[in-house]
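Everything below concerns the one structure shown next.
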Amino acid sequence: MSVVRPAESLMALSKQEELEDFPNDYPLSTSEDEEDSGGDRKHQKLLEAISSLDGKNRQKLAERSEASLKVSEFTVSSEGSGERLVLSDLLEPVKTSSSLATVKKQLNRIKSKKTVELPLNKEEVERVHREVAFNKTSQALSKWDPIVLKNRQAEQLVFPIEKEQSAFAPIEHVLNGWNARTPLEQEIFNLLSKNKQPVTDPLLTPMEKASLKAMSLEEAKMRRAELQRARALQSYYEARARREKRIKSKKYHRVLKKERAKKVLKEFEELQKVDPTAALEELEKLEKARMMERMSLKHQNSGKWAKSKAIMAKYDLEARQAMQDQLARNKELTQKLQVASESEEEGGVEEEGDLLVPDAVNEAHMTADGLNPWMVRNHPGDAKEAEIQKDREQLPEPMASEASESEGEERPVAEEEILLKEFEERRLVRKTSGLNQDTKAVDRQETKDTSSQEVLSELRALSQKLNKDKHQPRKQKVSLERTVLPVQREEPAQEEEVPLLLQRPERAETLEELEELGKEGCLQNKELPRSALERQQLERNPVNQPGAPKEKKRKEQMIDLQNILTTESPSVKSLAVPTTIEELENEQERDQKQMIREAFAGDDVIRDFLKEKREVVEESKPKDVDLTLPGWGEWGGMGLKPSAKKRQRFLIKAPEGPPRKDKNLPNVIINEKRNIQAAAHQVRVLPYPFTHHQQFERTIQTPIGSTWNTQRAFQKLTTPKVVTKLGHIIKPIKAEDVGYRSSSRSDLSVIQRNPKRLSLRHKKQLKKNSKD
Amino acid sequence: MKVKMLSRNPDHYVRETKLDLQRVPRNYDPTLHPFEVPREYVRALNATKLERVFAKPFLASLDGHRDGVNCLAKHPKSLATVLSGACDGEVRIWNLTKRNCVRAIQAHEGFVRGICTRFCGSSFFTVGDDKTVKQWKMDGPGFGEEEEPLHTILGKTVYTGIDHHWKEAVFATCGQQVDIWDEQRTSPICSMTWGFDSICSVKFNPIETFLLGSCASDRNIVLYDMRQATPLKKVILDMRTNTLCWNPMEAFIFTAANEDYNLYTFDMRALDTPVMVHMDHVSAVLDVDYSPTGKEFVSASFDKSIRIFPVDKSRSREVYHTKRMQHVICVRWTSDSRYIMCGSDEMNIRLWKANASEKLGVLTSREKAAKDYNQKLKEKFQHHPHIKRISRHRHLPKSIYSQIQEQRIMKEARRRKEVNRLKHSKPGSVPIVSEKKKHIVAVVK
């Protein structure tokens, strides 16, 4: 048995792969099989042992086949033995004999090596090759996609494609055989030669050349060092600035800001004393900065900080304070300064009443801007607080009084006071400067617009505040409770309401009409302005108003004639709409929704149809012909119309046409324009590229002939799609023609550089040839 | 204040010579020129009628061959020169302007299967039934010289087609396999096979010159890459493809002329669906050639007619036939895109105009403008029934006409059956196959 085994094992080794592959096919059943077959084997052994007892069956024992039940020439399978062959099994007998050490070594080496995968069969390989080559080729081809697309969509293609290369000659060559002939040319050349400008070789003038030469090495080095130093310094400063900027401490920044502000203020004051005009300029600058800031809308509630503060404001007093400051600042910034015209200059100061009007407008405008709709919903009642606050901030005396009023929440924080003081100071400065300016202006006669405007605006602001104070008691009736955030939404709402109320009579008129129409027949609904927008438009166009009822009347008649659609349910609803609007305010939203629903409800289709039909009928009616010639027999010209008499005389009344076929058919429109004779010449089906009949009609209706178009347009309209040159060979498109780089290597060279596979193929070919 | 005055300067209206055109002041006010649409319609109608009146496409017949013309080749440099090979092994070179034969060579024993010119026009190659590839000089032999080929390559098998590379000294032959030859060698530098069947035609791509297309008798079209020396892809159609032609302006488009009366335009990157199926012939399509502009192609058919198809239309725009023209075997579109040549069974080469009603010769600018205008008018009103009817009208020989009728009936019957089957079977069980997909059997990678 042991003799047989090594031989087997060697064979098995050569087919190791199959051996290893095999168990993979039955990964689950192997262990079971092994056990099973193990049991079988034992059983077999037992039987053998029993049979050998009598000593007869020696022959049978010898014929026992150990390797496998299935003998195949390709594989050795371990099926028969039911055991896996492992290399160590094979090595067992080797251990004993030292003479087989080399074999052992070799086997060990084999054991460590991994088996190489089976190569794919030839067809597979070729298929893979083909697929790779195809992908490569199609990728290479897809570079033509844009060109092909362009050519297909091109309005015009001109062949042959390749253009004759225009030969470029360098300017020197051109200039060599050329002399200045005209006086102008001579002059130019004189100038050029005088200034030693290069004529032929436009590279460097002698001056430039000299300057190039002039700089010595030391100089250059010094220069470089200088530059280096400057750069280093710059980078240092930049780094510092960056570092400072990155400091997160709020306090630091606050202090810094304050410091800066103070510094500026101080400087300004000094400047004022020393040089008022310069101070004025400074002030102007400040004003400009203010304007910029105002434009930037930085101090509104939309910022990240502001939003966070708004959230915090409910719980945190400090946040509240900050919020208020912010608002105040915003108000201050967004307040529009009134620009006074020159005529107002003299008396503007005293006339408070006059100034009041624009201020009020301003106020309204400003408030209309709206601060925070978020707050509006929460505290709709506290609209007036904003104004109060603003007053307090802007005017010192009322502020004081009101501060006493409003005690509680507003802790007089030092910072705020400082801020306020700053404001005051600024105002004072402005005033004084303005006054100074005024006095000077009297002297000089020459007044600067800006400064005077400033004065005026200051004064106006003052008067406004005073005025507002007068108003305040009235306004404060709403609520006196202080809220954190002043909200100004109410103001615009009121403003909107006012015109509504004013226009009510007109609207009532329409409503009445609507009701009337509703009684008479629901058809008029098509004339009802459904949406609120439409209604508003109607209301706001009082000019159109008188015309509307007439139209409606006419339409009523028409509709009465036809009397259709008498029992359409949505119309009833539409009647209800205006009344609901007039009712409660909080139902407005719901009503609006309803209105929208109604606007898009089914009855619209019918309305549209009726409208369409009416239009068709109108259109089909024969028109009157007006043959009046203006200026014939009387004076003519701009603004002169032919007299009514003339017009009447030359107006040919169109005869009443035959009654329409659909006159008594309310639900149909019968087209009476169709001419059977012409129909034979007309297109029946919309042709392919067009998606809508109007498109097609438009293309037909635009004439292309030179009778209707200018020569240029005619040429453009009639450009042929493909232009070829007589007697010229058109070559296939080339990569160079379209700006691509064609492959530099020729196809032939590529083939020849591909020797391996080619030689293979060649061999095959030769073999085939020899076979033939 | 600006004062406007009337001023007349004779320079503006007096002609310098009597040949000058009068300047005609025009007023383009639309009210002065009413009825634009009807007037243009009438013009379009007249233009269409005139087009049909002047549609005389046949120019000349070149006779001289003593057997059917089997292949044609264009000269790459000269518009006037055409080469033709006949079924008796004779090759003739023709001068189109003089309409005569310049030279006749007995090139092969048996058929001349293929003929192609070198890209420079200095020589041409022929293959014949005698298993040889021969290279000939384009110019005739000098006085006293024998008419002999420059080179002769003896092959083992019959070559059925030949095509020359567009830029280099390489040509390809087909037969049992596709061979790529260097002109300098007597054995192919590369030969490519895929399956075992005779290949009837091979064509180089004119733009990406390393690409080849071939059609084999076992109904397939095979694409090859010369550089990588490997086939790329194969598409199997319903019936055999006789030949194919690459679009000279679109690198990846080619059209195959099929035995099933149709032509198929493929995008070589997506072979599973043809871009367009062109049908109108009533018999096998034997040859196809693209216009050099790449916008149209011409096909020759066994039904004794040639047809011109726009690339993007499935129906032909023109059909040419004469009483005497028999089965058309080969067709070529000349390099200036104005003329079409076809060689047919009855030994003649015919020259046609590509645009049937085109006026030959140099046009004056006004003629040109009128032509363009008429063309645009025809295009504009092409959908109107009268104009459409007139412009579509073609006379056909009775045989073709009756064939068309017959095939229409057959097609209708087939369609009806399909519809019925669809109707009476479980929804989804009978797939609806589009016309384009119907003819493709398989795409082999």
Side-chain angles (χ1 to χ4, degrees), chain A residues 126-127 129-131 133-134 136-138 140-142 144 148 151-152 157 159 680-684 687 696 699-701 703-710 714-715 717-720 722 724-735 746-748 750-752 754 757-758 761-762 765 769 772, chain B residues 28 30 33 36-37 39-41 43 76-77 79 156-157 165-170 180 182 188-192 206-211 225-233 248-252 268-269 292-293 295 335-338 362 369 372-373 375-377 380-381 383-386 445:
Chain A
E126 276 185 354
R127 201 177 65 79
H129 274 302
R130 282 198 298 263
E131 222 160 309
F134 179 78
K136 219 166 145 189
T137 315
S138 20
L141 282 176
S142 53
W144 288 98
V148 167
N151 280 350
R152 279 182 191 168
L157 285 176
F159 294 103
H681 296 268
Q682 280 166 346
V683 183
R684 255 159 256 158
F696 180 59
T699 53
I700 293 296
Q701 267 160 12
I704 51 174
S706 55
T707 321
W708 298 275
N709 293 299
T710 58
F714 171 68
Q715 276 170 357
L717 284 169
T718 58
T719 44
V722 176
T724 56
K725 247 182 178 177
L726 204 65
H728 278 251
I729 289 174
I730 302 166
K731 289 202 174 124
I733 197 167
K734 268 181 252 157
S746 70
D747 299 339
L748 188 62
V750 172
I751 287 192
Q752 279 156 358
N754 227 351
R757 206 189 301 166
L758 274 178
R761 297 208 169 259
H762 200 159
Q765 158 80 10
N769 283 354
D772 291 342
Chain B
Y28 292 104
H33 307 284
E36 302 101 329
V37 181
R39 283 165 82 187
E40 290 219 312
Y41 175 76
R43 284 180 196 177
K77 301 278 173 190
L79 277 173
K156 297 281 179 194
T157 55
H165 193 277
W166 286 82
K167 282 173 191 161
E168 282 152 40
V170 175
I180 311 285
D182 190 347
I189 51 171
C190 163
S191 71
M192 298 176 279
I207 306 169
E208 293 294 346
T209 47
F210 58 89
L211 280 175
D225 189 334
M226 190 181 96
R227 285 180 172 182
Q228 298 173 62
T230 168
L232 295 174
K233 223 170 207 188
M249 290 294 147
E250 299 173 6
F252 40 79
M268 73 151 278
R269 296 167 300 175
T293 58
K295 293 280 171 199
S335 313
D336 59 350
S337 93
R338 298 213 168 211
V362 181
D372 292 345
Y373 179 44
Q375 188 56 40
K376 269 279 139 62
L377 280 179
K380 186 179 163 188
F381 290 99
H383 303 291
H384 286 69
H386 276 213
K445 280 178 184 174

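So that the names make sense, note that chain A is the first sequence line, chain B the second, and so on, each numbered from 1.
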Original post:
Got B/R269 and A/S142 here, is their nearest side-chain heavy-atom distance under 4.5 Å?
Top reply: yes
Original post:
For chain A, which of B/V170, B/I180, B/I207 has the most heavy-atom pairs under 4.5 Å?
Top reply: B/I207
Subject >> Intermediate values then yes/no, side-chain contact (heavy atoms from CB on, under 4.5 Å), A/L726 and B/R338 >> reply: CA-CA 8 Å; A/L726 204 65; B/R338 298 213 168 211; 3.2 Å; yes
**OP:** Fit a plane to each ring of B/H386 and A/H681, take the angle between them on a 0 to 90° scale, and name the class: parallel (under 30°), tilted (30 to 60°) or perpendicular (over 60°).
**Re:** tilted
Subject >> side chain to side chain contact (heavy atoms under 4.5 Å, CB included) partner of B/E250, chosen from A/N151, A/V148, A/I733 >> reply: A/V148
**OP:** Let me know if A/Q701 has heavy atoms under 4.5 Å from chain B in its side chain, its backbone, both or neither.
**Re:** both
Original post:
Can you check whether B/D372 reaches A/Q715 side chain to side chain, under 4.5 Å on heavy atoms?
Top reply: no
Original post:
Is the CH2 atom of B/W166 crowded by more than 12 outside heavy atoms at less than 6.0 Å?
Top reply: no
**OP:** Check whether any side-chain heavy atom of B/F381 lies under 4.5 Å from a side-chain heavy atom of A/I700, and answer yes or no.
**Re:** yes
Subject >> Heavy-atom side-chain proximity of B/S337 to A/F159 below 4.5 angstrom >> reply: no
Original post:
Given that the side chain runs from C-beta out, which part of A/K136 has a heavy atom under 4.5 Å from chain B: side chain, backbone, both or neither?
Top reply: side chain
Original post:
Of the backbone (N, CA, C, O) and the side chain (C-beta and beyond), which part of A/L157 lies under 4.5 Å from a heavy atom of chain B, both, or neither?
Top reply: side chain
**OP:** Assess the side chains of A/W144 and B/E208: does a donor N or O sit below 3.5 Å from an acceptor N or O?
**Re:** yes
**OP:** Evaluate the side-chain contact (heavy atoms from CB on, under 4.5 Å) criterion for residues A/T724 and B/D336: first the C-alpha distance (whole Å), next the side-chain angles of each, then the deciding distance (0.1 Å), finally the verdict.
**Re:** CA-CA 7 Å; A/T724 56; B/D336 59 350; over 6 Å; no
Subject >> A/R130 (side chain) donor-acceptor with B/K445 (main chain) under 3.5 angstrom >> reply: yes
Subject >> chain B interface, residue from A/G727, A/A133, A/A140 that has the most non-hydrogen pairs under 4.5 Å >> reply: A/A133
**OP:** Under 4.5 Å heavy-atom distance to chain A, tell me which part of B/L211 shows up: side chain, backbone, both or neither.
**Re:** side chain
Subject >> Residue A/S706 versus chain B: region with a heavy atom under 4.5 Å >> reply: backbone
**OP:** Under the side-chain hydrogen bond (donor to acceptor under 3.5 Å, both in side chains) rule, collect the residues that match up with B/D225, sequence neighbours excluded.
**Re:** A/T137, B/Q228
